[in-house]
Amino acid sequence: MTAVVDKFIKYVKYNTESDTQTGLTPSTVGQMDLANELVKELSEMGMSNVTLDENGYVMAELPSNIEKEVPVVGFISHMDTSPDFTGKNVKPQFVENYDGGDIVLNKEQNIIMKVADFPDLKMYKGQTLITTNGTTLLGADDKAGIAEIMTAVEFLINHPEIKHGPVHIGFTPDEEIGQGADYFNVQKFGADFAYTLDGGELGELQFENFNAAYAEVTFKGRNVHPGMAKDKMINSMNIVQEFRAQLPKDEVPEKTEDYEGFYHLLGIEGSVENSKLKYIIRDFDITAYEARKHKFETICKELQLQYGEENVILEMKDQYFNMREKIEPVKFIVDIAEQAMRDVGVTPLVVPIRGGTDGSRLSYMGLPCPNIFAGGHNFHGRFEYVPVDSMQKAVDVILKVIELISKR
């Protein structure tokens with residue numbers, strides 16, 4: 001196996017699933033376990049200023065070996081995996097010389113990754129894929145990114161004849177639950193700009209992401225015996241239906257793509273007396289984003305007039321914003337990444353992120369931070385996989401970005 005694969009296989013065996021309920025940072029013990037392993041490896045390979053703080057943030061530096069001053073570049077990935085699907089007891093499998101057909105992940109449980117469901121598989125015919133065994137996620141999001149960064153800096157340390165400027169790296173907790181940048185110390189990190197290695201397929205390069213909000217709408221009703229309910233009962237679940245009926249039915253994740261925004265119902269609780277809807281609201285365009293939030297407010301006000309203010313309660317908060325606003329003034333950092341990809345034989349695929357990354361929040365914290373592919377597909381579930389060639393190409397891109405910056 002190659003160095004990047006060895007590291008990846010080691011890291012995915014750490015259960016780093018994050019948890020929204022603990023109120024801690026990092027939210028789970030497994031993330032700190034992986035952080036300690038990374039600190040150990042970074043120290044052993046010879047990185048400088050290797051640190052791990054009480055919140056689980058790992059940082060390290062590779063000093064410049066050239067005389068002229070060049071920008072300090074950073075590379076960042078997150079340690080946690082999504083709580084959407086279990087990350088415990090990950091058992092990665094290798095599909096060598098992939099034949100382009102369906103892949104049996106688990107014969108005993110009849111779990112099959114079908115090309116009809118995941119046509120992107122066809123792009124990797126003849127390559128080696130790393131998959132799950134069908135019972136867990138894989139963790140390519142974002143342990144592929146960690147492995148790629150670790151492999152790149154180790155390569156530079158082992159080849160001091162390669163000239164480079166200062167390189168800073170960081171690994172964060174809890175990105176999957178929206179808290180990855182909460183305690184990231186931008187000043188301590190000390191980079192002029194950075195790249196997250198948190199993208200998907202080979203060639204992805206992203207500097208736009210959703211504007212994002214989270215909303216909870218609580219509905220209160222009044223319960224009486226249904227046989228004597230006329231003009232007395234108020235069924236909160238019926239108010240829920242009225243609310244839902246006023247949202248456009250096609251503006252949902254399963255019916256949108258590219259730059260189209262959506263309303264996504266995350267959860268629903270219901271009884272006659274109390275019901276609750278949990279939503280995320282997403283849009284790339286800030287005006288359209290504000291209009292989506294305003295629609296929620298308008299619907300709630302109309303229902304409050306009918307059922308009382310105390311019976312329809314909206315709580316809504318912004319989560320993150322489109323980083324394009326912060327990247328455009330320093331667009332050259334995107335151009336560098338695009339050139340690096342072309343130089344190593346990768347066709348850049350400049351696409352918007354239909355989600356968010358640490359980079360979006362970090363960009364608003366003063367660290368411009370576009371996103372580069374890590375190579376994985378089908379994140380957050382049993383059908384996650386990553387081609388080995390894509391991970392190696394990500395390593396090549398990191399090294400080329402560092403080279404191009406050293407020549408500025």
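None of the values given here were measured: they were computed from a predicted structure. Position 1 is the first residue of the sequence, and the numbers go up from there.
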Exercise. Under 6.0 Å from the CD atom of E309, do we count more than 12 heavy atoms belonging to anything else shown?
Worked result: no
Exercise. Could R342 and E338 be called an ion pair, given the rule that one side-chain N must be under 4.0 Å from one carboxylate O?
Worked result: yes
Exercise. Run the side-chain contact (heavy atoms from CB on, under 4.5 Å) check on F373 and K393 step by step: do they pass?
Worked result: CA-CA 9 Å; F373 71 92; K393 282 296 186 182; 4.2 Å; yes
Exercise. Short question: side chain of E384, backbone of D141 - any donor-acceptor pair under 3.5 Å?
Worked result: yes
Problem set entry | Sidechain-backbone polar pair: H168 side chain, F189 backbone, donor-acceptor under 3.5 Å | yes
Exercise. Relative to the ring of F284, is the ring of F210 parallel (under 30°), tilted (30 to 60°) or perpendicular (over 60°)?
Worked result: tilted
Exercise. Does any donor atom in the side chain of N158 or E154 lie under 3.5 Å from an acceptor atom in the other side chain?
Worked result: no
Exercise. With distance as the sole test, does E302 use its side chain to make a donor-acceptor pair with the main-chain N or O of I299 at under 3.5 Å?
Worked result: no
Exercise. N65 side chain to H164 main-chain N or O, any donor-acceptor pair under 3.5 Å?
Worked result: yes
Exercise. Is any side-chain heavy atom of V12 closer than 4.5 Å to a side-chain heavy atom of T81?
Worked result: no
For this session: May I ask you to decide if V72's main-chain N or O and D192's side chain share a donor-acceptor pair within less than 3.5 Å?
Result: yes
Exercise. Between E273 and N223, do the side chains contain an N or O donor and an N or O acceptor separated by less than 3.5 Å?
Worked result: no
Exercise. Just wondering, more than 12 heavy atoms not from E161 lying within 6.0 Å of its CD?
Worked result: yes
Exercise. Would you find a donor on one side and an acceptor on the other, under 3.5 Å apart, between the side chain of Q93 and the backbone of L105?
Worked result: yes
Seminar exercise, completed: Here the pair of heavy atoms bringing A340 nearest to L404 is N-CD1, 3.7 Å
Exercise. Is a side-chain N or O of T132 found less than 3.5 angstrom from the main chain of L137, in a donor-acceptor match?
Worked result: no
Exercise. Do E176 and P83 have side-chain heavy atoms sitting under 4.5 Å apart?
Worked result: yes
Seminar exercise, completed: Applying salt bridge (charged side-chain N to carboxylate O under 4.0 Å, His left out) to E251 and not counting sequence neighbours gives R292
For this session: Test side-chain contact (heavy atoms from CB on, under 4.5 Å) on I157 and M47 and set out the steps.
Result: CA-CA 8 Å; I157 290 171; M47 291 288 283; 3.7 Å; yes
For this session: Run the salt-bridge test on R354 and E260 with the 4.0 Å N-O cut-off and return the result as yes or no.
Result: no
Problem set entry | S236-N274 side chain donor-acceptor pair, cut-off 3.5 Å | no
For this session: For residues R408 and I336, determine if any side-chain heavy atom of one lies less than 4.5 Å from a side-chain heavy atom of the other.
Result: yes
Problem set entry | Flag if over 12 foreign heavy atoms under 6.0 Å of CD, Q187 | no
Exercise. Just by distance, do the side chain of E204 and the backbone of I372 share a donor-acceptor pair under 3.5 Å?
Worked result: no
For this session: Step through the shown structure and confirm whether more than 12 heavy atoms of other residues, nucleotides or ligands are within 6.0 Å of NZ on K122.
Result: no
Exercise. Any side-chain donor-acceptor pair under 3.5 Å between E208 and Y259?
Worked result: yes
Exercise. Do other residues, nucleotides or ligands put more than 12 heavy atoms under 6.0 Å from the CD atom of E44?
Worked result: yes
Exercise. So, are E290 and K293 salt-bridged, with charged N and O less than 4.0 Å apart?
Worked result: yes
Exercise. Do side-chain atoms of T218 reach the backbone of V312 as a donor and acceptor pair under 3.5 angstrom?
Worked result: no
Exercise. Of all heavy-atom pairs between F8 and G139, which one has the smallest distance, and what is that distance?
Worked result: CE1-O, 4.1 Å
For this session: Could you label the plane-to-plane angle of the F296 and Y263 rings as parallel, tilted or perpendicular, counting under 30° as parallel and over 60° as perpendicular?
Result: parallel
Problem set entry | Enclosure of Q306 CD (heavy-atom neighbours >12, cutoff 6.0 Å) | yes
Problem set entry | Centroid-centroid under 6.0 Å between F85 and F383 rings | no
Problem set entry | Polar contact flag, side-chain donor to acceptor under 3.5 angstrom, D318-Y289 | yes
Problem set entry | Parallel, tilted or perpendicular: ring planes of F321 versus Y364, cut at 30 and 60 degrees | tilted
Exercise. What heavy-atom pair brings K220 and I239 nearest, and what distance separates the two atoms?
Worked result: O-CD1, 4.0 Å
Exercise. Of D174, T20, D19, T22, which meets side chain to side chain donor-acceptor pair (under 3.5 Å) against S27?
Worked result: D174
For this session: Please report the C-alpha distance between F155 and I162 in whole Å, then the side-chain angles of each, then the deciding distance to 0.1 Å, and finally whether the side-chain contact (heavy atoms from CB on, under 4.5 Å) criterion is met.
Result: CA-CA 9 Å; F155 182 84; I162 298 175; 3.3 Å; yes
Exercise. If you look only at pairs with a residue in residues 78-104, which of them pass as a salt bridge (charged side-chain N to carboxylate O under 4.0 Å, His left out), with sequence neighbours excluded?
Worked result: none
Problem set entry | Salt-bridge contact K331-D335 (side-chain N to carboxylate O under 4.0 Å) | yes
For this session: Examine distances only and state if a side-chain atom of T128 and a backbone atom of V388 form a donor-acceptor pair shorter than 3.5 Å.
Result: no
For this session: Kindly indicate whether the side chain of M113, heavy atoms from C-beta on, has any atom under 4.5 Å from the side chain of Y385.
Result: yes
Exercise. Within a reach of under 6.0 Å around NZ of K188, are more than 12 heavy atoms found that belong to other residues, nucleotides or ligands?
Worked result: yes
For this session: Go through the steps to decide whether D396 and Q392 satisfy the test side-chain contact (heavy atoms from CB on, under 4.5 Å), and finish with yes or no.
Result: CA-CA 6 Å; D396 295 342; Q392 187 57 57; 3.5 Å; yes
Exercise. Are side-chain heavy atoms of S275 and M237 found at a separation under 4.5 Å?
Worked result: yes
Problem set entry | Flag for Q319-R282: side-chain donor and acceptor within less than 3.5 Å | yes
For this session: Answer yes if the side chains of D358 and T172 hold a donor-acceptor pair under 3.5 Å, and no otherwise.
Result: yes
Exercise. Does atom NZ of K68 have more than 12 heavy-atom neighbours, drawn from other residues, nucleotides or ligands, at distances under 6.0 Å?
Worked result: yes
